[in-house]
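Below: the structure, in structure tokens.
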Amino acid sequence: MRAFVVTCLMMWTLSSSAGSDAFLIRLNLNESDSFSLKVEIVSPHLDLDKVRFVLPSNVPGCISELKTGKLLSGIKALDSAGRELTVTRLSLNEFEINQARSLSRIEYIIHDSWHYQEPSILMRQLGTSFVRSKHFLINFHAVAGYLEGYESSPYRLEIIRPDSMYGHSAIGLGPAGRTDTAAVASYLALLDNPVMYNREKETGFIVGKTHYHICLWSEHDMVKVRDIARVLQSVSEGADAFCGGFNVKDYYFLVHYADPSRNGVRKEDEYGAVEHSASSVYYFSEGSDGSKLVRDLQLTASHELFHLFEPINMKTDMTSKLNLRAKMQTGNLWIYEGFTEYFSLLMQYRKELLTEQEFITEIRNKISLASFYEPYSLTDESERCYLDGNERGYQNFYYKGAVMAMMLDLRIMKLSKGEQTLESVMMDIKNNTRANYVLKDENVITEMVKYSYPEVQDFFDKYVKDTLRVDYNEYLSTLGWKYEAQRVDTERLFVNAQYRYTKASKEYYVTNVTLDQIGMREGDILVAINGKPVTKENFQSMLEKYSDKNSTKDVTFTVKRGGVEMDLTGPPLTVTRNQKNIIAVEKKVDSEKKAYRKRYSSGALHKNKMYKQ
């Protein structure tokens with residue numbers, strides 16, 4: 001199961017300089033002790049009697065109220081002579097400072113979230129880690145607060161680091177000896193630029209107009225840069241081609257692999273990533289086998305990069321502003337996550353990072369997972385998922401939201417006779433909207449109907465706003481794909497597992513082994529069956545041939561294990577399987593379905609421009 005919590009941060013402007021009205025944040029990483037860090041915020045002159053110091057209760061990416069005030073202790077407000085001013089705690093995340101005209105600086109101790117007594121206080125990718133001389137992850141909403149009313153003021157950074165550590169961030173760290181410096185235009189821009197420090201230099205690559213930087217921390221050095229660089233480059237190339245490039249000059253992958261035995265993570269969906277305008281922060285288990293490591297990173301990085309796909313990020317009166325104290329409720333949150341997830345999978349399918357069968361498996365899994373939430377209105381849950389107790393509903397945006405995006409895509413394709421797709425509709429909305437235009441949140445669906453067909457409104461009314469169950473065959477049949485809610489099969493199996501294709505090496509990895517007759521292991525690479533080399537083109541037909549219920553002969557599977565090839569031979573085992581949410585690709589289809597299938601897999605747009613040549 002893949003259920004990563006991933007979302008997109010808004011974009012805020014960086015600044016190359018800041019004047020005397022700037023706030024200055026000072027951190028000395030050499031003085032970190034017991035997973036804590038002293039924070040000093042130097043304030044410009046304030047013409048106020050009193051002012052509130054606030055730690056954000058909400059930032060883009062979180063799905064519940066932040067309680068970072070638990071991490072703060074020993075707060076002091078000082079004048080220029082070092083005399084203490086009166087500080088009163090108003091709530092968990094807010095303090096009031098009296099005699100604000102005399103305020104010179106604020107000091108306090110902040111504990112990191114990864115090693116706090118409640119490690120789940122923040123999602124790890126939104127949290128902090130202060131491990132002296134080894135690793136620092138600084139998400140500024142959990143480190144530095146702001147003075148109310150001064151969120152738009154510029155900020156400067158001074159971070160003293162150990163000689164042995166390197167700083168990585170899209171914020172543009174300017175090293176001066178052992179002190180890294182940076183300047184941003186506002187507090188919001190500060191939040192948009194997390195910083196990682198580790199002992200390893202970054203590596204990278206260039207795709208299109210963007211220089212991608214890979215910054216890796218592996219707790220026990222089990223994961224190497226070479227293990228992830230090829231994956232991230234393949235994903236970046238695919239996303240760049242699908243999206244027509246990104247308006248980001250430098251992009252940072254801040255990737256973390258932590259020891260699962262000591263990181264406090266109990267569920268798979270606690271791993272994941274969060275997107276910013278020029279970087280993304282990842283948090284995974286260091287103990288994953290090679291094929292799972294590659295697949296988790298590929299799927300997650302694809303999703304994160306697609307948050308930069310501008311047609312999905314429509315500016316509305318709800319999404320174009322940020323309230324640091326409370327969530328702005330929108331009925332379209334499912335679009336921002338569901339469309340992103342769907343397009344990221346579609347890109348991987350078209351770019352051959354996922355085979356057709358793997359793409360179908362992802363959709364099947366989402367249909368199955370979404371069924372646990374029914375009845376479920378995507379718009380209603382979008383509006384209330386941020387309320388306490390409703391956080392679980394957010395996950396279904398990645399399941400039902402993505403599936404509905406696919407069905408909508410096929411509906412638009414059929415209505416237009418292949419001249420339009422969901423992607424082209426979103427592109428048309430973007431291209432026909434004047435710069436900086438802010439759309440009313442309640443008109444988002446109306447705009448999609450306007451740029452496609454009136455019948456699309458019926459789809460939204462039934463399956464998005466209401467809780468009616470969709471007939472998947474009505475839409476999948478456009479491609480000559482057949483859906484069955486349940487099927488009992490008798491077949492002969494040598495091994496029941498998933499086979500993950502890796503385009504870079506052109507190999508199939510064996511994963512999720514649940515039944516084995518011949519000695520196959522997790523992570524084996526399938527090389528040949530009965531001496532015939534396995535390829536992307538013949539793999540599915542060969543599996544079907546030797547799984548036929550009339551086949552009783554021994555079969556030899558050649559696998560590569562630890563770099564050594566070996567033959568595994570044995571007879572099949574007859575099994576009866578009760579399968580749900582089956583999607584089968586019909587072998588014989590008419591010319592119309594062939595044309596739709598080709599258009600869908602190739603990415604041909606209504607302008608007759610082929611994505612995949």
Side-chain angles (χ1 to χ4, degrees), residues 1-6 267-272 291-292 295-296 298-300 302-303 334 337-346 348-349 354-378 381-382 385 390-411 459 462-464 466-479 481-491 493 496-501 511-515 540 543 547 575-586:
M1 182 180 90
R2 187 177 71 94
F4 297 108
V5 180
V6 281
K267 297 186 297 183
E268 182 77 8
D269 62 10
E270 291 185 50
Y271 295 109
S291 59
K292 179 171 170 39
R295 185 48 51 105
D296 286 350
Q298 175 183 309
L299 290 168
T300 308
S302 296
H303 180 103
W334 75 273
E337 294 298 356
F339 281 25
T340 298
E341 178 72 358
Y342 168 61
F343 281 136
S344 73
L345 290 172
L346 186 60
Q348 292 172 78
Y349 172 39
L354 291 176
T355 64
E356 182 177 65
Q357 197 56 48
E358 286 173 327
F359 175 74
I360 288 173
T361 297
E362 289 291 329
I363 299 302
R364 284 183 59 196
N365 289 342
K366 291 182 185 301
I367 293 174
S368 297
L369 290 167
S371 67
F372 291 105
Y373 295 82
E374 296 294 356
Y376 185 100
S377 164
L378 284 164
E381 291 298 329
S382 290
C385 72
N390 291 336
E391 296 89 347
R392 178 177 172 271
Y394 190 97
Q395 289 286 348
N396 204 19
F397 300 149
Y398 302 96
Y399 310 146
K400 184 173 183 176
V403 172
M404 290 304 103
M406 180 182 182
M407 299 306 117
L408 179 60
D409 194 7
L410 296 177
R411 178 63 171 151
F459 180 95
K462 288 180 178 179
Y463 309 124
V464 173
D466 207 336
T467 60
L468 298 180
R469 290 182 178 270
V470 66
D471 177 2
Y472 294 113
N473 269 323
E474 180 181 349
Y475 304 99
L476 293 174
S477 61
T478 302
L479 303 176
W481 292 2
K482 184 178 180 181
Y483 171 81
E484 291 182 73
Q486 191 166 2
R487 185 172 74 197
V488 178
D489 277 333
T490 298
E491 57 185 319
L493 291 179
N496 187 32
Q498 288 186 343
Y499 301 90
R500 298 295 194 185
Y501 179 73
T511 67
N512 299 333
V513 179
T514 57
L515 181 150
Q540 196 61 37
L543 276 190
S547 296
V575 297
T576 299
R577 295 199 297 174
N578 186 355
Q579 299 186 75
K580 294 184 178 181
N581 299 311
I582 305 300
I583 299 176
V585 178
E586 296 177 323

Discussion item. Please enumerate all residues that pass side chain to side chain donor-acceptor pair (under 3.5 Å) together with N365, with sequence neighbours excluded.
Written reply: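 If we apply the side chain to side chain donor-acceptor pair (under 3.5 Å) test to N365, skipping adjacent residues, there are no hits.
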
Worksheet item: Looking at residues at least two apart in the chain, or sitting in another chain, which of them share a side chain to side chain donor-acceptor pair (under 3.5 Å) with Q498?
Response: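 For Q498 the side chain to side chain donor-acceptor pair (under 3.5 Å) partners, ignoring immediate neighbours, are R500, N512.
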
Discussion item. Counting C-beta onward and ignoring hydrogens, is there a side-chain heavy-atom pair between N578 and Q486 closer than 4.5 Å?
Written reply: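 Touching, per the 4.5 Å side-chain cut-off.
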
Worksheet item: So do the side chains of I583 and I363 get within less than 4.5 Å of each other, counting heavy atoms only?
Response: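 Of all side-chain heavy-atom pairs linking I363 with I583, at least one is under 4.5 Å.
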
Worksheet item: Who passes ring-ring contact (aromatic ring centres under 6.0 Å, His included) against F459, sequence neighbours left out?
Response: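 With sequence neighbours excluded, F459 shows a ring-ring contact (aromatic ring centres under 6.0 Å, His included) to Y463, Y475, given in chain and number order.
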
Looking at [Y], is its backbone amide N or carbonyl O close enough to the side chain of [X] to form a donor-acceptor pair, meaning the two atoms are under 3.5 Å apart?
X	Y	answer
Y376	V464	no
E358	T355	yes
Q348	S344	yes

Worksheet entry | Pair E337-Y394, side chain to side chain donor-acceptor pair (under 3.5 Å): steps then yes or no | CA-CA 9 Å; E337 294 298 356; Y394 190 97; 2.9 Å; yes

Practice prompt. Could you tell me which residues satisfy salt bridge (charged side-chain N to carboxylate O under 4.0 Å, His left out) with E586, sequence neighbours excluded, listed by chain and number?
Written response: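 So E586 forms no salt bridge (charged side-chain N to carboxylate O under 4.0 Å, His left out) with any residue.
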
Practice prompt. State which residues pass salt bridge (charged side-chain N to carboxylate O under 4.0 Å, His left out) with K462; sequence neighbours excluded, sorted by chain then number.
Written response: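 Only D458 meet the salt bridge (charged side-chain N to carboxylate O under 4.0 Å, His left out) criterion with K462.
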
Item to complete: Start with the C-alpha distance between E381 and K400, add both sets of side-chain angles, then the distance that settles salt bridge (charged side-chain N to carboxylate O under 4.0 Å, His left out), and finish with yes or no.
Response: CA-CA 12 Å; E381 291 298 329; K400 184 173 183 176; over 6 Å; no

Worksheet item: Any salt bridge between R487 and D489, counting N to O under 4.0 Å?
Response: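 Yes, this pair counts.
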
Item to complete: Could you pull out all residues at least two apart from T467 that satisfy side chain to side chain contact (heavy atoms under 4.5 Å, CB included)?
Response: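 In terms of side chain to side chain contact (heavy atoms under 4.5 Å, CB included), with neighbours along the sequence ignored, T467 is linked to P375, S377.
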
Practice prompt. Report yes if the distance between the aromatic ring centroids of W481 and Y472 is under 6.0 Å, otherwise no.
Written response: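 Here the rings of Y472 and W481 have centres that are no less than 6.0 Å from each other.
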
Worksheet item: Between Y398 and H303, what is the ring plane arrangement, given parallel below 30°, perpendicular above 60°, and tilted in between?
Response: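 Ring orientation, 0 to 90° scale: tilted.
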
